[in-house]
Amino acid sequence: MAADLFGPAHGPAGVEPLSAGTFLLHGFAEAQAPALLEALGHILAQSPLRHLITPGGQRMSVAMSNCGPLGWVSDRSGYRYQASDPETGQPWPPMPDVLRDLARSAATLAGFPDFAPDACLINRYAPGTRLSLHQDRDERDLSAPIVSVSLGLPAVFLFGGLTRSDPVRQLTLYHGDVLVWGGPDRLRFHGVKPLAEGIHSLLGAQRINLTFRRAA
Ligand SMILES: O=C(O)CCC(=O)C(=O)O
Ligand SMILES: [Fe+2]
């Protein structure tokens, strides 16, 4: 095993393989976090975070927005990607280079070169917020991985198998961690346990997750 690639468990560029198509890049986004947060501030001023309604009529506890050509939305009629923000009627804010480049380099390190995300879903968790077990399957091209960047308070991520009833592994995602899953793991069930109380030095009492996808 190459020591430079599979570095120490929490080393700055440590790439931890979790299974055949899943890699945890410990702290990979940490140095860029201030630049990412500044870019996010501009995005969220145009397309604010909001609590979407599920097709079943429930208000999601995660607050969401998007940037890039396509954004993920949910309402009474279902889940889908669309080019405009239903709240403003305007296109989603463009995906800043600092976000796209980070996602591309994380994907490349995880063995998915040529990742060209066209959607970035922004998830905001306050203490108590959770995301129930689900698959990301609204994307047309399942050959592209999911690249998920964690910022702020740590979260316990639930990583299951290809069927809902498979055993679920729990892993803590810290500020700056990037999790990439694709290939044979692309349709694994996953979720987030209720966020614990806490105060993060950069983000305060919240966790922000950026999920980059190839949707179209
Ligand atoms: O917040 C996370 O770590 C996961 C988010 C997620 O699974 C999603 O947006 O589909
Ligand atoms: Fe997901």
Side-chain angles (χ1 to χ4, degrees), residues 16 18 21-29 33 36 40 43-44 47 49-55 58 60-68 70-74 78-82 92 95 99 102-103 106-107 110 117-142 144-164 166 168-182 185-196 198 200 203 206-215:
E16 184 186 356
L18 297 177
T22 306
F23 299 84
L24 177 51
L25 281 56
H26 293 279
F28 185 72
L36 299 176
L40 273 179
I43 292 165
L44 298 178
S47 276
L49 291 162
R50 81 291 307 261
H51 295 274
L52 296 169
I53 304 297
T54 67
Q58 305 261 48
M60 294 186 71
S61 71
V62 182
M64 296 179 174
S65 184
N66 292 277
C67 66
L70 291 170
W72 186 87
V73 295
S74 172
Y79 304 131
R80 66 189 170 276
Y81 283 94
Q82 64 179 51
W92 297 105
M95 191 185 301
L99 268 70
L102 178 84
D118 58 7
C120 173
L121 174 62
I122 302 160
N123 293 313
R124 201 270 317 271
Y125 299 75
T129 300
R130 64 192 285 273
L131 186 62
S132 54
L133 216 57
H134 66 280
Q135 293 170 297
D136 291 358
R137 58 180 317 150
D138 300 322
E139 301 74 30
R140 197 166 298 153
D141 178 8
L142 295 177
I146 300 285
V147 173
S148 168
V149 177
S150 291
L151 298 168
L153 289 178
V156 179
F157 188 78
L158 303 170
F159 197 53
L162 295 175
T163 62
R164 189 177 285 279
D166 282 346
V168 171
R169 172 172 179 181
Q170 302 196 5
L171 52 135
T172 303
L173 297 178
Y174 295 94
H175 175 72
D177 285 351
V178 180
L179 186 64
V180 181
W181 68 95
D185 294 331
R186 179 59 179 74
L187 287 177
R188 276 188 189 253
F189 279 87
H190 58 278
V192 177
K193 284 188 49 165
L195 197 76
H200 185 270
L203 282 110
Q206 60 179 341
R207 168 178 187 258
I208 300 268
N209 166 262
L210 307 175
T211 302
F212 296 87
R213 294 103 184 266
R214 180 80 202 174

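Everything quoted here is computed from the prediction, not taken from an experiment. Counting convention: from 1, in listed order, for ligands and their atoms alike. Residue numbers start at 1 and run along the sequence shown.
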Results of salt bridge (Lys or Arg N to Asp or Glu O under 4.0 Å) for Arg80 - residues two or more places apart only | Asp75

Taking only heavy atoms of Asp136 into account, list the atoms of ligand 1 that are under 4.0 Å away from them.
-> 10 (O)

With Asn66, the side-chain contact (heavy atoms from CB on, under 4.5 Å) member among Ile43, Ile122, Leu121 | Leu121

Pick from Asn123, Leu173, Thr129: which one makes a side-chain contact (heavy atoms from CB on, under 4.5 Å) with Arg207?
-> Leu173

Applying side-chain hydrogen bond (donor to acceptor under 3.5 Å, both in side chains), which residue pairs with at least one partner in residues 154-164 are found, sequence neighbours left out?
-> Thr163-Asp166

List the steps and the verdict of side-chain contact (heavy atoms from CB on, under 4.5 Å) for Leu18 and Trp181.
-> CA-CA 9 Å; Leu18 297 177; Trp181 68 95; over 6 Å; no

Where does Leu131 meet ligand 1, judged by heavy-atom distances below 4.0 Å: at the side chain, the backbone, both, or neither?
-> side chain

Which ligand 1 atoms are under 4.0 Å away from a heavy-atom of Arg207?
-> 1 (O), 2 (C), 3 (O)

To the nearest 0.5 Å, atom CZ of Arg50 lies from atom CE of Met64 at 10.5 Å

Any atoms of ligand 1 less than 4.0 Å from a non-hydrogen atom of Leu121? List them with their elements.
-> 9 (O)

Under the side-chain contact (heavy atoms from CB on, under 4.5 Å) criterion, do Met60 and Ile53 qualify, and how do the steps go?
-> CA-CA 6 Å; Met60 294 186 71; Ile53 304 297; over 6 Å; no

Atom indices of ligand 1 within 4.0 angstrom of His134 heavy atoms, with elements | 6 (C), 7 (O), 8 (C), 10 (O)

Leaving waters out, which protein N, O or S atoms fall under 2.8 Å from the Fe ion (ligand 2)?
-> His134 NE2, Asp136 OD1, His190 NE2

Apply side-chain contact (heavy atoms from CB on, under 4.5 Å) to the pair Tyr81 and Asp138, showing each step before the final yes or no.
-> CA-CA 8 Å; Tyr81 283 94; Asp138 300 322; 3.8 Å; yes

For Tyr125, the ligand 1 atoms whose distance to one of its heavy atoms is below 4.0 Å = 1 (O), 2 (C), 4 (C), 5 (C)

Using modelled atom types only, decide if a donor and an acceptor are shared between the side chain of Trp92 and the backbone of Gln82 within a distance under 3.5 Å.
-> yes

Can you find an N or O of Ser150 that's nearer than 3.5 Å to an N or O of ligand 1?
-> no

Go through Arg188 and Leu162 one step at a time and tell me if the side-chain contact (heavy atoms from CB on, under 4.5 Å) criterion holds.
-> CA-CA 5 Å; Arg188 276 188 189 253; Leu162 295 175; 4.0 Å; yes

Note: ligand 1 atoms sitting under 4.0 Å from heavy atoms of Phe157 are 3 (O), 4 (C)

Would you be so kind as to tabulate the donor-acceptor pairs closer than 3.5 Å made by side chains of residues 152-159, with sequence neighbours excluded?
none

Filtering Arg124, Arg213, Arg130 for the heavy atom nearest atom 8 (C) of ligand 1 leaves Arg213

What protein heavy atom sits nearest atom 9 (O) of ligand 1, and how far away is it?
-> Asn123 ND2, 2.9 Å

Answer yes or no: does an N/O atom from Trp181 fall short of 3.5 Å to an N/O atom of ligand 1?
-> no

